[in-house]
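Worksheet: one structure, shown below.
Both ligands and their constituent atoms are indexed starting at 1 by order of listing.
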Amino acid sequence: MIEHRLIERMLGLVERESERVRSGRVDSVFIDTAVDFIRTYADRTHHGKEEDILFSELAKKPLSQADAAAMAELVEEHKTARRTTGELVKANADFLAGREESRAVILEKLQFLTAFYPRHIAKEDKAFFPGTEKYFTAAELEEMLAEFNEFDRRMIHEKYERVYEVLAKRG
Ligand SMILES: [Fe+2]
Ligand SMILES: [Fe+2]
């Protein structure tokens, strides 16, 4: 939930930027940076902890049908966000390659993401997280928190390993 707050603040900036894109100005560096935020922070670090730790631990519990369905829906939504971010990257590259018409695609993807995340976050904060805590004992919750911390600790190394790999591939 703490991470959701930073994602929301970033989305505020993305929303402001969408207005600029709408009026004809595309700042490809902003889009690249926002994509990095979404991929590294919102997806790999945040959705990563949800999927690899919380959801995977929940999957071992006797979930009610409604909770199991809600979890599957959240996982699908993560996939949608990932796909949309990929489409945004492509539209940004197209724009940089001189295809002016991709500005409309960039705008559409930015608007999709700013509409999508608040709804996704609200489902987790207001319903799924509070509603599924009951499946865990206090000790299990503590253990998951420790796993979250270990997951986070690895992220900075993973991120810069990847930066190196991308640059190395350029030759
Ligand atoms: Fe999520
Ligand atoms: Fe989340």
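Residue contacts to the Fe ion (ligand 1): H120 brings an N, O or S atom closer than 2.8 Å. In summary, no N, O or S atom of E77 is located under 2.8 Å from the Fe ion (ligand 1). Taking backbone and side chain together, H78 holds an N, O or S atom under 2.8 Å from the Fe ion (ligand 1). Not a single N/O/S atom of E3, whether from backbone or side chain, sits less than 2.8 Å from the Fe ion (ligand 2). Residue contacts to the Fe ion (ligand 2): E50 brings an N, O or S atom closer than 2.8 Å.
If you look at E124 and ask which of its N, O or S atoms sits nearest the Fe ion (ligand 2), the answer is OE1. Distances from the Fe ion (ligand 2) to each N, O or S atom of H4 single out NE2 as the nearest.
Taking the charged nitrogens against the carboxylate oxygens, R82 and E51 do have a contact shorter than 4.0 Å, which makes a salt bridge. A salt bridge does not link R162 to E165: none of the charged nitrogens lies less than 4.0 Å from a carboxylate oxygen. Residues K90 and E87 are not paired through a salt bridge, judged by the lack of any N-O separation under 4.0 Å between the basic side chain and the carboxylate.
Heavy atoms only, all atoms of each residue included: F136 and L54 are closest at CE1-CD1, 3.9 Å.
Counting non-hydrogen atoms of other residues, nucleotides and ligands closer than 6.0 Å to CD of E133 gives a total of 12 or fewer. Under a cut-off of 6.0 angstrom, the local environment of CD in E101 is crowded, with over 12 non-hydrogen atoms contributed by other residues, nucleotides or ligands.
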